[in-house]
Student: 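One structure, pasted below without further comment.
Counting convention: from 1, in listed order, for ligands and their atoms alike. If you read the sequence from its start, that first residue is 1, and numbering goes on from there. Source: prediction; values computed, not measured.
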Amino acid sequence: MIVNFINKKVLPNFKIFFINKDKKNLKYHNISSNSEIKKNILNSLSKRNFNGKLGQICHIDTITNNEPQNFIFIGIGDENKLESFNFEYFGGLLQPYLETLQYKEISFQVGGLKKVKISNENIILHLASGIYLKSYSFKKYKKKDEENNKKVSSVSFVVSNPGKFRKLFVNFQAIAEGVFFSRDLLHEPPNILNPVSLASRAKELTKLNVKVGILDEKKMKKLGMGALLGVGMGSANPSRLITLEWNGNPSSKSPAIGLVGKGVTFDTGGYSLKTSGMEEMKMDMGGSAVVLGVIKALALRKSKSNVVGVIGSVENMVSANAQRPSDIVKSMSGQTIEVLNTDAEGRLVLADALWYCQEKYNVKKMINFATLTGAIIAALGNFYAGLFSNSDKLSDDLTKSGRKTDEKVWRFPLGKEYDELLNCDIADVKNITGTGGAGSITAAQFLKRFVKKDVEWAHLDIAGVTWLDKDQPLSKKGGTAFGVRLIDNYIYNNHEKK
Ligand code: BES
Ligand code: ZN
Ligand code: ZN
């Protein structure tokens, strides 16, 4: 779906009005100068029980003087509680409805709001962004649908200064393209997306002036990445470490911020074979999809920040060469790990990816993303990502960005008691505790053993939010790319030269 800004309406034209609870602001709106039409519309709204409740949508169409007239009323509830993301959500609510209309092209006029702290300009931009984000679907492997030719493929907002809007929308569009890149990768099936092809997809970002590096198994072996390589041993597809460098603020002397992603392109569990849910495990590269999506967004909007990405990519399979439960591997950090459960593979991959990120780029701040534990779904369901961090400041900043973008995070504790559960008699650390409970925290404690003392670090466990079986406000069912908008906002607020 194309979203544009124009200064002359094209037909059919849809007038959008935001109505607060109990329809209190309805009378202020200039719905129509024709009192007959106005009366009919108000009647229709009442008949359909439209009461301005948050998220309620009502479309009314009439014809006057041979011209179709379309009115869309969107309930906004209590206008004092509205944030800008709410207007993105309204766009996301509206978009599936647009797909049911039998027009190719439509235009919108947005009725202003008086008592809201968000400017009309921002209302329109967020509405447009929401429509655009929600319009994504992955149809690469489906034959062309005839029906699609009749659906709305272009929406234009009628504004007096379209040039200004187009300019401002560039940033929204950049973030959306990052989100779409991330969603594309999530949807690819695992017979197509493996560590090698993921690395080729990452290479596409070279076009946008991102420096992309790929380490093959030979190079990783030389660096001592026994933890990552152990996971990939059972796969016919060789493992890869992917690095990305976005250098948007070359004059800065401080080290870049590091983003590290779990890129397990398929997780069978290995010899600790999964007994359920294996068919969902193509999304186990969700962490890497966040890193790639964020870097693409930063590059497209030419963010004045310095960010490096490191992705550990492996396929966790079963074969005669696969790792066994009880193998001991040596990580790049020098610590040895007893692999008691081959299904706790994400932490093994991240152990080497995190260490490499610190050694190679000397980062002092590092955020990692991983579909790491089923336990985080037990704790938070599909509504929050788990946040684990050694820094209150970083946690607060991420929580704030989570609220702003509505990609919410919830902080969990870390502590000595949990860490001790990972102590191992015959290696430096074991990859599972063997005792029940706190599975997401002990996974985070494992990662923390590979984070240097002077590095501010946060781990986001996104296992519950990366892939959803239901439509969401800004995505259709499937890959959400949760984390891209959140981290883009975090970098914009905390690491960007303005
Ligand atoms: N990739 C899974 C976690 C996962 C589960 C992601 C559900 C998305 C949805 C991870 O590698 C895993 O298997 N974790 C184990 C850890 C356990 C063996 C300690 C888990 O959560 O059961
Ligand atoms: Zn696993
Ligand atoms: Zn996994």
Student: Quick check: does any side chain N or O of Asp267 sit under 3.5 Å from a backbone N or O of Met281, one acting as donor and the other as acceptor?
Tutor: no
Student: In this structure, does ligand 1 have an atom that sits under 4.0 Å from one of the heavy atoms of Leu372?
Tutor: yes
Student: Looking at Phe138, does the NZ or CZ of Lys476 lie under 6.0 angstrom from its six-membered ring centre and within 45 degrees of the ring axis?
Tutor: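 The answer is no, since Lys476 fails at least one limit relative to Phe138.
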Student: So if I count the atoms of ligand 1 from 1 in the order they appear, which ones are less than 4.0 Å from some heavy atom of Gly374?
Tutor: 3 (C), 5 (C), 20 (C), 21 (O)
Student: Determine, for Trp355 and Lys452, whether the Lys NZ or Arg CZ falls below 6.0 Å from the six-membered ring centre while staying within 45 degrees of the axis.
Tutor: yes
Student: Sort and list the pairs that fulfil side-chain hydrogen bond (donor to acceptor under 3.5 Å, both in side chains) and have at least one residue in residues 432-447, not counting sequence neighbours.
Tutor: Thr373-Ser440, Thr433-Thr435
Student: Given atoms OD2 of Asp284 and OD2 of Asp267, what angle do they subtend at the Zn ion (ligand 3), to the nearest 10 degrees?
Tutor: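 If I round to 10°, I get 90°.
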Student: Quick one: does ligand 1 sit under 4.0 Å from the side chain of Met278, the backbone, both or neither, non-hydrogen atoms only?
Tutor: neither
Student: Return the residue, atom name and 0.1 Å-rounded distance of the protein heavy atom closest to atom 4 (C) of ligand 1.
Tutor: Met281 CE, 3.9 Å
Student: Just to confirm my output: which protein heavy-atom neighbour is closest to atom 19 (C) of ligand 1, and how far is it?
Tutor: Ile432 CG2, 3.6 Å
Student: Given His126, which partner from the list Phe87, Phe172, Phe85 fulfils the ring pair (Phe, Tyr, Trp, His ring centres under 6.0 Å) test?
Tutor: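 Checked Phe87, Phe172, Phe85 against His126; only one passes ring pair (Phe, Tyr, Trp, His ring centres under 6.0 Å): Phe172.
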Student: At the Zn ion (ligand 2), what angle lies between atom OE1 of Glu345 and atom O of Asp343, rounded to 10 degrees?
Tutor: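 OE1 of Glu345 and O of Asp343 make an angle of 70° at the Zn ion (ligand 2), to the nearest 10°.
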Student: Please determine whether Lys262 has a backbone or side-chain N, O or S atom lying under 2.8 Å from the Zn ion (ligand 3).
Tutor: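 An N, O or S atom of Lys262 is closer than 2.8 Å to the Zn ion (ligand 3), so yes.
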Student: Assess Lys282 against Phe266: is NZ or CZ under 6.0 Å from the centre of the six-membered ring, and within 45 degrees of the ring's axis?
Tutor: no
Student: Of the choices Asp267, Thr466, Leu348, which has the non-hydrogen atom that lies closest to atom 2 (C) of ligand 1?
Tutor: Asp267
